[in-house]
Colleague: 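To start, I am sharing the structure in question, which I have written as structure tokens.
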Amino acid sequence: MKMKQLLFRAVLLASLAALPAPVAAQAQDPAQWAGLHYRQVGPWRGGRVTAVAGVPSQPDTFYMGTTGGGVWKSTDSGNSWTNTSDGQIGVASMGAVAVADSNPNIVYAGSGSSKIRSNVSIGRGVWKSVDGAKTWAFMGLRDVGQISTIRINPANPDEVFVASTGNPFAYGKDRGVYRTRDGGKTWTKVLFINETLGAADLEMASDDPRTLYAAMWHGIRRPWTITSGSKDGGLYKSVDGGDTWTKLAGGLPTGLFGRANIGVSAAAPNRLYALIEAKPGAGLYRSEDRGLTWALVNGDGKLTTRPFYYTTLGVDPNNAEQVFVGNEDWFRSTDGGKTFKDEPTPHGDNHDVWINPKNSNLIVQANDGGANVSRDGGRTWTVQSNQPTAEIYQVAVDNQFPYRLYGAQQDNSTVILPSQPTGNGQAYMEGPGCETGPIIPKIDDPLMVWAGCKGQFSRLDLRTNRNEQQYWIGSESLYGADPKDLRFRFQRVAPLEVSPVEPNTVYYGSQHVHRSKDGGVNWEVISPDLTANPPEGRMASGDPITIDATGEEVYSTVYAIRESAVQPGVIWAGSNDGLIHVTRDGGKTWVNVTPKGLPPGGRVQNIDPGVRSAGTAYVAYHRYLLGDFSPHAYRTDDYGKTWVRITTGIAADEPVRVVREDPVRPGLLYAGTEFGMHVSFDRGAHWQSFQIDLPATPITDIRLAHGDLVLSTQGRGFYILDNIDVLRQLQGTTITAPQLLKPVTAVRVSPSADYGTDPGQGPEYRPPGAMIDYVLPAGTTAVSLSIVDASGTELRRFSSDSPAARAARGYRYRPVWQTKLDATPGMHRLIWDLRRGNDRGPLVPPGDYTVVMTAGSTTTRQPLTVVADPRVLASGVTNADLEAQYQHNLRVGKLAADTGAAATRLRAALKDTTDPAKLAALNRIAARLLTPPVRYSPPGLDTHVRYLASQTADFDGKIGNHPTERYAELRAAIDAIVKELDVALGPARG
């Protein structure tokens, strides 16, 4: 683990070299927490994918570029996917993936999805692999924004073209088409029209790599609208490898020209297809003369639904009559686009397709549910439950054991999933609400769950058969509505907050703060309009061609609501147009406390009330939808009268999404940004990376609960960093001496517990047991840890000289509890499985223990408390029962050891004895003690003892009368056997 994390950090730093360096040096040595590990807990189902590619010469190999999870590869036709970019590519959003036909080891990845939803993450350039995506190298173009397409010369892998739509939130000179002829070492911009037009697609003629076609598009997002189209957009052609370009006409739309996608096929090199958003004239166009003239072959509006987001076009390289179009649905034409038939895919919202030129039955297709492969031309597809790339909007946790995580997955459902296995085999379940959430459990009853769905409030009692009760505030339809005509302006991700002090009080946000005191049935407005409501935002989204009013761009709404747990009635509210308000009297009066000097607009992404003072709050502003990528995070200690910007140490173009305050250590803060995690030990005055082994991905939310750091991400689901107490116990900025940290209370989980699935095939769960953290300085050569009970008896010992643990066999997955200690400098974590003696010994009972660490000449002790699983106690088992079971298992263990020793002694004597009388006596003993090696032979005492040991070793509960009585019988029998052996052979020598 240690070496893997060091390698991770090294390659991550290398890939981030192109990003601006933090302005302040790290205050703490990260080696002090290097043994921590972010584990992905699901959901194990796919998220949005906007780029796919395959390898013609390797029919089982495919790639996908996700919108928040990096680059993935499958070598078994989509039956499994493996991330290839973690620790190497420092951004998560991918817009294009391409493989060189002449050398399948050469792969290019262009960052920044060009399907620009309002939550799209920015691109940061192009990466290249020359070993089939095992390793990646940065190839430049850092500032071109979103990359829509990469095309490689099929005969010359050093000639590559990149199409960029640009920064999705700002115009600029970096939009256009780029070319390299030295494998990415240098780039030339070969097509640039103006600062508003980017390249939405780029295609290369199948028979002439010098002939290129580009679709130039005016696309940009504002917080209140999506602009797609202009009069100067259009299709362009080059016949000299990109040196010069000509705008195509000859039947193409001449008015407003929006997003377009071009299709080519090796089966008919002179034919072109173009799927075009336009006004007038939207639809599928076809040219039979390489773009000189065009004809509209299908103007059905279903082909150009939400064109900024879809405009997906694919043409069969072996049959130019077969055309695929993707948007909300998936369409196939077999007559050159004249007619289309709706066909199923595993998920809607379709973004990309690749068809193998050597076999048209091999297809990989991308949509909002992930990537899926077909081997039969699209009739059937692989599943999407093998790619943990969910985009999660937020996270909440409850107070169960194990605790559950709650969040909403983009273009899917809300999810509820356990932090540890629950024994029912269920990795997650769907909750109330919908893809946007939020979803939050009732604080005193986690079986009651509150939820939101684009302004619609609902609640679900999980004890019912999904009887989700709908209490929609205002009862107005939001889709397609002009915000200025709405009574209540609810944004698509309208904020929901449960009071931390009143279990039945819930808050919801439109332009007002709404409150319910009866669990969401009845509502009242407790605030005035808390937004700036500038005139430019009072419009239905979508211009100048296609209206797209899904609530995503409803502007001037409350976007964050939080109530103080320190002082009830202190409620903070932030809007998505830049304002912060606070009330100190439960909503009777509100004060505008927006930081002075902050530019207008911007979104108050998250507010975190102080955990020690009601006057303290932390705010993360998200301004990149206005083209401002600088980090904005602020702290107040006087109810918003004054604010301090707290972003020193975070890169100059790394937006902050969330800041949370540690509830235990004063001054300790955590920040989630567009690219990862940061930590501060001085209330935000300075930050440093807290990435460890977390993949590069946008952090959408953070919760601190149960001693853990819990994250939601935009592209990799949920993560948990177990037991962050190491940060709370730091004693200095560097490691100067061995340190044994005080362990947190360990929960004793039944030995027969469900451990989940292999982390490579599902959520990663922590092996149960006691987490023991220790820190070693440089120069340490050996270290040992001992567990001692209250009587001073050593129960288990681990050392740097111990043999490494081996994976156990079995029909169920079983984690490996490490037994060999790491003695290298830095922080390390050992999870003791709570077993005495070895990994097969009995679990120790609840109680107080001591951990003793010896490193060099230093010996340190720390107390450790072990408690029973609350689920076991709730079932009626007591701590006294567990103690009695432990003592019984110790006695049976001693019996088993004595039995084994006697059997070993007897077998050796039988092998060596030649005296007939003595041999006869030994055989009489063997007939009772040993089970014959023939299967299903009558059991000897050795089998009966093993059977008894197995009866009580793998559950938690009372010891019944039969095991106790049987132990007495077998103890007497084995004692008698030992005496007989002593008579026959003489006393055993210890």
Colleague: Does the distance from a Lys or Arg side-chain N to an Asp or Glu carboxylate O, for D653 and R124, drop under 4.0 Å?
Modeller: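 R124 and D653: salt-bridged.
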
Colleague: Could you tell me the separation between the CD1 atom of I116 and the CH2 atom of W217, rounded to the nearest 0.5 Å?
Modeller: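 The distance works out to 4.0 Å.
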
Colleague: Any chance the side chains of T557 and R492 put a donor and an acceptor closer than 3.5 Å?
Modeller: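 No, R492 and T557 have no side-chain donor paired with an acceptor closer than 3.5 Å.
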
Colleague: Describe, in one word, how the ring planes of W354 and F62 are oriented to each other, choosing from parallel (under 30°), tilted (30 to 60°) and perpendicular (over 60°).
Modeller: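 Answer is perpendicular, since the angle exceeds 60°.
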
Colleague: If the plane angle is over 60° it's perpendicular, under 30° parallel, otherwise tilted; pick one for F169 and F629.
Modeller: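 Aromatic pair F169/F629 classed tilted.
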
Colleague: Using a strict threshold of under 4.0 Å (side-chain N to carboxylate O), is an ion pair present between R306 and E277?
Modeller: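 No.
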
Colleague: Between Y403 and D708, do the side chains contain a donor N or O and an acceptor N or O under 3.5 Å apart?
Modeller: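 The criterion, which ignores hydrogens and geometry beyond distance, is satisfied for Y403 and D708.
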
Colleague: Does E435 come within less than 4.0 Å of K454, counting only side-chain N to carboxylate O?
Modeller: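 Yes, charged N to carboxylate O under 4.0 Å.
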
Colleague: Using a strict threshold of under 4.0 Å (side-chain N to carboxylate O), is an ion pair present between D411 and R117?
Modeller: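 Result for this pair is no, no salt bridge flagged.
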
Colleague: Parallel, tilted or perpendicular: which one describes the rings of F490 and F488, with boundaries at 30° and 60°?
Modeller: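 The rings of F490 and F488 stand perpendicular, inter-plane angle above 60°.
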
Colleague: Please identify each residue that fulfils side-chain contact (heavy atoms from CB on, under 4.5 Å) with N412, with sequence neighbours left out.
Modeller: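 Counting only residues at least two positions away or on another chain, N412 forms a side-chain contact (heavy atoms from CB on, under 4.5 Å) with R45, H347, Q409.
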
Colleague: Do D329 and K302 meet the salt-bridge criterion of a basic N to acidic O distance under 4.0 Å?
Modeller: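 No, K302 and D329 are not salt-bridged.
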
Colleague: What residues form a side-chain contact (heavy atoms from CB on, under 4.5 Å) with T422, not counting sequence neighbours?
Modeller: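 side-chain contact (heavy atoms from CB on, under 4.5 Å) list for T422, sorted by chain: P402, R404, P418, N424.
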
Colleague: Restricting to side-chain contact (heavy atoms from CB on, under 4.5 Å), what partner residues turn up for L462, sequence neighbours left out?
Modeller: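 Result, side-chain contact (heavy atoms from CB on, under 4.5 Å) vs L462: I416, M429, L447, V449, L460.
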
Colleague: Between D461 and R459, does at least one N-O distance fall below 4.0 Å, as a salt bridge requires?
Modeller: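 Between R459 and D461 there is no salt bridge, as every charged N stays at least 4.0 Å from the carboxylate O atoms.
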
